[in-house]
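Comments concern the structure below.
Below, chain A is the first sequence line, B the second, and so on; all start at residue 1.
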There are 2 protein chains.
Amino acid sequence: MLELRSLPTDCAQRRQDSVCSTCGARAFSVCSSLDPADLAGLDSIAERVSLKAGESLIREGDPAVHLFNITSGSVRIYKLLPDGRRQITGFLFAGDFVGLATGQDYAFSGEAIEDATLCRFRKTDYRALIRERPLLEEALLDRATHELAAAQNQMLLLGRKTAQERIASFLLDLPTRDPLRPSTEDQVRLPMTRSEIADYLGLTIETVSRVLTKLKTTGVIRLLSLNELRIEQPDRLRDIAEGEV
Amino acid sequence: MLELRSLPTDCAQRRQDSVCSTCGARAFSVCSSLDPADLAGLDSIAERVSLKAGESLIREGDPAVHLFNITSGSVRIYKLLPDGRRQITGFLFAGDFVGLATGQDYAFSGEAIEDATLCRFRKTDYRALIRERPLLEEALLDRATHELAAAQNQMLLLGRKTAQERIASFLLDLPTRDPLRPSTEDQVRLPMTRSEIADYLGLTIETVSRVLTKLKTTGVIRLLSLNELRIEQPDRLRDIAEGEV
DNA sequence: TGGCCGCCTTGATCTCCATCAATCCGTTTG
DNA sequence: CAAACGGATTGATGGAGATCAAGGCGGCCA
């Protein structure tokens, strides 16, 4: 991975190489609000974690001791009902924060969709750092607010949109999410399975499959492979997403 | 529609006394993290607003110039699709914050369900105050985080629960929300109409009505009036809410 | 190379909830 | 007090999407 290359010599002269200072995800994360000196402080309480696809990050009900910042890859967070029904409440990418729950315990589970790297912090350490760095707290509040807006959009989707509208909305939204792989907007990478898409959109895999097939046969999208598609008619897809006619 | 109601005429007279210091909702709101001296500062940038039932607070798409803190009554916030489908994304009560959106424009609309009073702040004023009061910002972050957790619960409800499970969850959750009218947990006040419940739960009014009738005939709840009911069997309702058998 | 396995697609049928429609009931108004 | 009205309930029917079921396709490993 490019991010892990050795540093240029001028940086290497520091007491310790700040991994943060060369972090590929820094520009997209709350860390961007820290100056170089503070980054060193962040570095000292951060722990690097790598996860293979499918590995668990946090588990609903476990004591919430850690916070995470995704530096590469992608993560799903979800909640379960006792009988196994699953709702994926978010797909997260580089720069995204995981585990901002206030409660004693995590209120959701998190797993890597594909291989991922993360920064891990003890909640207590992080809280202390926040106290000293109001800009960091401001960035966190900003991010939480953005996520709230996204959550409201998702509620609209889950509560009131048809299957086709949900898929269309999803295909339009997803490419804007991963800053490390800036899809050219009409080229969409789907790192998750059909089952995960279904559990994110409140549908079944069969319905996801059928709707994608229909969008393909009507020429709105083109399926390049299982995990890659191209939006051929963005305007029509936008109309579909908003339920126009 | 008359949205621009004049402020209480005695508003100016009260300026010297901190209205905040006697605010009934203070204990439940972010203001509780301010000491008396700071409350005065808050007072100086706050404007009191009263709304009659049905009146509009903010409108999706309008420039986001104000923030609100509810001091009494209740508010619904919602999003619309072009064809009129509505998703109510939250019912808010005393102490709740409205309008924390980061964007230029409001991403949702807000209206009073029943007569309500609110504190209104210019976003710019509020931001400045936050800068000076880290405790306030911390309280805001806390609140935003709680709302995020609630939003995830609502996504689970909308994406994966049956009509009966949704109603049961709603009846269990609602009484915990309004601190000014602490329902005795098994006595539930429904300040909103069936139509609003439906739009909150992603159902139709007919389904809401039918499920309530069914819960009544099975003895789980008792309907005292249109807007008041009693939970007769809390345990069974909890089981239903979580989909246990 | 072939067989297995996981994931996806496609088809047939079913079901829950939406839709359409009629009535009820409490409140307001003339 | 009657009529009108808005919201709620109840009944009949329909449809979008779930469920059940049967291949298809590609990757992996013996």
Side-chain angles (χ1 to χ4, degrees), chain A residues 52-54 76 81 83-88 113-114 157-171 188-218 221-229 240 243, chain B residues 52-54 76 81 83-88 113-114 157-171 188-218 221-229 240 243:
Chain A
K52 291 247 171 260
R76 59 170 174 259
L81 287 172
D83 65 2
R85 277 173 286 171
R86 177 177 68 165
Q87 179 65 39
I88 294 182
I113 292 177
E114 46 187 352
L157 180 149
L158 292 170
R160 288 300 180 218
K161 290 192 182 181
T162 66
Q164 182 161 257
E165 289 161 7
R166 295 181 198 202
I167 298 280
S169 303
F170 176 67
L171 294 181
V188 184
R189 191 177 67 95
L190 301 171
M192 65 290 291
T193 66
R194 299 288 186 269
S195 164
E196 286 168 337
I197 297 174
D199 282 350
Y200 181 60
L201 299 179
L203 302 170
T204 60
I205 50 174
E206 293 94 333
T207 298
V208 170
S209 184
R210 272 186 256 268
V211 170
L212 284 176
T213 302
K214 187 183 172 193
L215 288 174
K216 183 184 69 182
T217 56
T218 54
I221 65 172
R222 174 196 303 265
L223 294 170
L224 306 176
S225 74
L226 268 185
N227 302 315
E228 199 91 22
L229 62 83
I240 293 173
Chain B
K52 290 247 173 261
R76 58 170 175 259
L81 287 172
D83 65 2
R85 277 173 286 172
R86 175 176 71 165
Q87 179 65 38
I88 293 182
I113 292 176
E114 44 186 353
L157 180 150
L158 292 170
R160 287 300 180 218
K161 289 192 181 179
T162 66
Q164 181 162 256
E165 289 160 7
R166 295 181 199 201
I167 298 280
S169 304
F170 175 67
L171 294 181
V188 185
R189 191 177 67 94
L190 300 171
M192 65 291 291
T193 66
R194 300 288 186 273
S195 164
E196 287 168 336
I197 297 174
D199 282 351
Y200 181 60
L201 300 179
L203 301 170
T204 59
I205 51 174
E206 293 93 332
T207 299
V208 171
S209 183
R210 272 186 255 269
V211 170
L212 284 176
T213 302
K214 186 182 172 194
L215 288 175
K216 183 184 68 180
T217 57
T218 55
I221 64 172
R222 173 196 303 264
L223 293 170
L224 307 178
S225 74
L226 269 184
N227 301 316
E228 199 90 20
L229 62 84
I240 293 173

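For B:Lys214 and D:dT9, the NZ to P distance is 16 Å, given to the nearest whole Å. Rounding to whole angstrom units, CG of residue A:Leu203 and C1' of D:dT19 are separated by 14 Å. Taking atom CD1 on B:Ile167 and atom P on C:dC17, their separation rounds to 10 Å, with Å as the unit. If you take CZ of B:Arg160 and P of C:dC16, they are 16 Å apart, rounded to a whole angstrom. Rounded to whole Å, atom P of C:dC7 lies 12 Å from atom CZ of A:Arg194. Distance CG (B:Leu157) to P (C:dC17): 12 Å, rounded to an integer number of Å. Summarising the geometry, the separation between CD1 on B:Ile205 and P on C:dC17 is reported as 16 Å, rounded to the nearest angstrom. The separation between B:Glu228 atom CD and D:dG7 atom C1' is 18 Å, rounded to whole Å.
Minimum atom distance to the side chain of B:Leu223 is reached by D:dT9, of the listed C:dC20, D:dT9, D:dG17. Among D:dA18, D:dA8, C:dC17, the nucleotide with an atom closest to any side-chain atom of A:Thr204 is D:dA18.
Remark on DNA chain D: of its neighbouring residues B:Lys216 and A:Glu206, the 5'-side contact belongs to B:Lys216, judged by nearest-heavy-atom nucleotide. When each of B:Thr207 and A:Thr207 is assigned the nucleotide of DNA chain D bearing its nearest heavy atom, the one mapping closer to the 5' terminus is B:Thr207.
The backbone N or O of B:Thr162 lies less than 3.5 Å from a partner atom in the side chain of B:Glu165, making a donor-acceptor pair.
The residue A:Leu212 sits apart from the nucleic acid: no heavy atom pair falls under 4.0 Å. B:Leu226 comes within 4.0 angstrom of sugar-phosphate atoms only, judged by non-hydrogen atoms across all strands, and of no base. Note on A:Thr193: only backbone sugar-phosphate atoms sit closer than 4.0 angstrom, heavy atoms only; bases stay farther off.
Taking a cutoff of 4.0 Å between a charged side-chain nitrogen and a carboxylate oxygen, A:Arg189 and A:Glu114 qualify as a salt bridge. Ion pairing between a basic and an acidic side chain is recognised when a charged N comes within 4.0 Å of a carboxylate O; B:Arg85 and B:Asp199 show no such pairing.
The side chain to side chain contact (heavy atoms under 4.5 Å, CB included) with A:Leu190 is formed by just one residue from the set A:Ile113, A:Leu171, A:Leu226; it is A:Leu171.
For a distance-only test at 3.5 Å, the side chain of A:Arg210 qualifies as a donor-acceptor partner of the base of D:dT19. Residue B:Gln164 places no side-chain atom within donor-acceptor reach of the base of C:dC17, judged by atom type and a 3.5 Å distance cut-off alone.
You'll find the side chain of A:Arg166 stays beyond 4.5 Å of the side chain of A:Ser169, heavy atoms only.
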